Protein chains: 2
Amino acid sequence: MVKKKKDLPAEERILDAAKKVFLEKGMAGARMQDIANEAGINKALLHYYYRDKEKLFELVFMSESQKFFPKINRIFESDETLEKKFHEFVEEYVNELRLNPYLPWFVLNEINRDPDGFLLKIMTGENRPRPMKFLQQIEKEIKLGNIRKVDPRHILLNLLSMTLFPFIAQPMVSRILGMGNKEFEQLMEERKKTVPAVMMDSIRKKVQ
Amino acid sequence: MVKKKKDLPAEERILDAAKKVFLEKGMAGARMQDIANEAGINKALLHYYYRDKEKLFELVFMSESQKFFPKINRIFESDETLEKKFHEFVEEYVNELRLNPYLPWFVLNEINRDPDGFLLKIMTGENRPRPMKFLQQIEKEIKLGNIRKVDPRHILLNLLSMTLFPFIAQPMVSRILGMGNKEFEQLMEERKKTVPAVMMDSIRKKVQ
DNA sequence: ATCTTTGTTAACCATTTGGTTAAACTATAT
DNA sequence: ATATAGTTTAACCAAATGGTTAACAAAGAT
């Protein structure tokens, strides 16, 4: 029998536990005791390795939110076609979010909790979202007459919305549509095709 | 000079205050003292009018979430064309959410906090979302050959996503795009046109 | 006037919660 | 073996927080 957790050093078990608890309950809802229990250690040990709740949360949040943001840049700042970018974006995020469904909710929740404090940290680092190149690419394609004349910001919003929202709203969506977990995953898998298709239809020039 | 709040009876001021605080901070983050301060009364008076935090929250949550859900049904179960429904849906939600931008985040947050407890209440009442007629309408249009063959669930998801997500993610979106409040509102106003357009483009048959 | 009901408050209480301390345990080096 | 440094715990503490109480004020009712 393989001990799942006991064999990891306490310091790591704490971090894993903190991730789990913070992701599920958010900063305000998480209890240090919950984290200690989840890690199978004494509460005092939390403070031995990580000074206090704020620090621990910040650590978890930074590490998690950097799974979330940098993807955007790597894709958006590449030299691919728009169509390729749509596909890559949805593909990568659906894959990531199926493993980590709480992630966007967690990030948004935190941004909501403390819009200035945190965002200034993320938004000034290397990993802040940089949509400029992407937006400019769209404008360029418009000028070249390759796609319809549309506000690039709506394009970006639509892509983000259709990709991220279903995960944020999963519990609601699943109930409304009467789906189980398996069905939901299947539906998200399909999104890898349907979302880029919708995006392309929304910019492709209409045949006269 | 018109006294904004002092002239309302305490019972109502409390409810207003509770709405504000709960919507901003969620159940876990809200403090009874915050609500009392916001209402300009003593903390004990909260418990005089509303038994405890749980009860007060439930009241606020029910009243707010019923602003959120019934719209879906009124629109989706009408006899309008799909195009009209797209327009009405976005129009109404953008209007509502501009007044009440925290609403969707609040609802989703709560669903996340307690997926079973709460949802059973909403989901069994008169106001539970009933997307069936809408989904069937889409299937019918497909059979009639009026629109493309697409999974109706994706249509519904896309509409919900593009309408609601920008509000849920407003703080993030605003920073990423470097917008102030005014600009954000302007952008949302534009969505009333761009979102239904995208929706129609995604189902309209392509010209051969 | 005074009795009763309703509204409001300050002070208080019990529990929860983040955080500390001092002691004990473990391993490693001497 | 024993000294030392790192690890872990039980017990404890102070602040925050939800909730109660008892007294007081305001407003009707008699």
Side-chain angles (χ1 to χ4, degrees), chain A residues 3-64 106 109-110 112-114 117-118, chain B residues 3-64 106 109-110 112-114 117-118:
Chain A
K3 284 182 193 172
K4 266 182 173 170
K5 303 195 163 177
K6 281 284 176 186
D7 45 4
L8 286 172
E11 193 169 355
E12 287 179 42
R13 293 211 319 272
I14 292 176
L15 210 59
D16 287 346
K19 262 179 213 173
K20 185 176 170 191
V21 175
F22 279 135
L23 279 168
E24 274 178 29
K25 307 196 177 183
M27 166 70 173
R31 296 289 97 100
M32 292 299 266
Q33 190 60 57
D34 297 340
I35 298 175
N37 292 149
E38 180 71 32
I41 47 101
N42 189 285
K43 189 166 61 99
L45 206 56
L46 293 183
H47 296 78
Y48 176 75
Y49 284 113
Y50 308 92
R51 188 162 310 278
D52 57 25
K53 192 184 178 184
E54 192 70 36
K55 286 273 189 306
L56 181 54
F57 179 82
E58 209 170 292
L59 206 66
V60 170
F61 184 75
M62 284 301 168
S63 115
E64 291 301 298
F106 178 69
N109 206 11
E110 183 51 20
N112 211 307
R113 190 181 72 103
D114 177 13
F118 142 76
Chain B
K3 284 182 191 170
K4 265 182 175 172
K5 303 196 166 179
K6 280 284 176 185
D7 45 5
L8 285 173
E11 193 170 355
E12 287 177 43
R13 295 214 314 277
I14 292 175
L15 211 59
D16 287 346
K19 262 179 211 172
K20 186 177 169 189
V21 175
F22 278 135
L23 278 168
E24 273 179 29
K25 307 196 177 182
M27 166 71 173
R31 296 287 98 100
M32 292 299 265
Q33 190 60 57
D34 296 340
I35 297 174
N37 291 149
E38 180 71 30
I41 47 101
N42 189 285
K43 189 165 62 98
L45 206 56
L46 293 183
H47 297 85
Y48 177 74
Y49 285 113
Y50 308 92
R51 189 163 309 278
D52 57 25
K53 193 184 179 185
E54 191 71 36
K55 286 272 188 307
L56 181 54
F57 179 80
E58 209 170 293
L59 205 66
V60 170
F61 184 75
M62 285 300 169
S63 115
E64 290 302 300
F106 178 70
N109 207 11
E110 183 50 20
N112 211 307
R113 190 181 72 103
D114 177 15
F118 143 75

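Since the structure is predicted, the reported quantities are computational estimates derived from the model, not experimental observations.
His47(A) contributes atom NE2, which lies 10.5 Å from atom CD1 of Ile14(A) (distance to the nearest 0.5 angstrom). Residue Glu11(A) holds its CD atom at 11.5 Å from CG of Asp16(A), rounded to the nearest 0.5 Å.
When atom types are taken as modelled, the side chain of Arg51(B) and the backbone of Tyr48(B) share no donor-acceptor pair closer than 3.5 angstrom.
Whole-Å rounding puts the Leu45(B) CG to dT6(C) P distance at 15 Å. Whole-Å rounding puts the Tyr48(A) OH to dA5(D) C1' distance at 9 Å. Rounded to whole angstrom, the span from the NE2 atom of His47(B) across to the C1' atom of dG7(C) amounts to 16 Å. Rounded to whole angstrom, the span from the CE atom of Met32(A) across to the P atom of dT20(C) amounts to 10 Å. One can place CG of Leu46(B) at 14 Å from P of dT17(D), the figure rounded to the nearest angstrom.
Contact annotation: the side chain of Glu38(B) never approaches that of Arg13(B) to less than 4.5 Å [non-hydrogen atoms, C-beta and beyond].
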Distances under 3.5 Å between nitrogen or oxygen atoms of protein and nucleotides 10-12 of chain D:
unit_1, atom_1, unit_2, atom_2, d
dA10(D), OP2, Asn42(A), ND2, 3.1
dA10(D), N7, Asn42(A), ND2, 3.3

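Residues Phe106(A) and Phe57(A) place their aromatic rings such that the two centres sit under 6.0 Å apart.
With salt bridges taken as basic N to acidic carboxylate O contacts below 4.0 Å, one links Arg113(B) and Glu110(B).
Nucleic acid contact class of Ala30(A) (heavy atoms, under 4.0 Å, all strands): sugar-phosphate only. Across all strands, Ile41(B) comes closer than 4.0 Å only to sugar-phosphate atoms, never to a base (heavy-atom distances).
Within the 4.0 Å cut-off from OP1 or OP2 of dA16(D), not a single side-chain nitrogen or oxygen of Arg31(B) is found.
The ring pair (Phe, Tyr, Trp, His ring centres under 6.0 Å) check on Tyr49(B) picks up nothing, with sequence neighbours excluded.
Counting non-hydrogen atoms of neighbouring residues, nucleotides and ligands closer than 6.0 angstrom, the NZ atom of Lys25(A) reaches no more than 12 such neighbours.
Checking dT8(C), dG18(D), dT8(D) against the side-chain heavy atoms of Ala10(A) singles out dT8(D) as nearest.
For the segment residues 49-57 of chain B, the set of residues with a heavy atom within less than 4.0 Å of an atom of DNA chain D comprises Asp52(B), Lys53(B), in numerical order.
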Between Leu56(B) and Ile35(B), is a side-chain contact (heavy atoms from CB on, under 4.5 Å) present by the stated rule, with each step listed? CA-CA 11 Å; Leu56(B) 181 54; Ile35(B) 297 174; 4.2 Å; yes

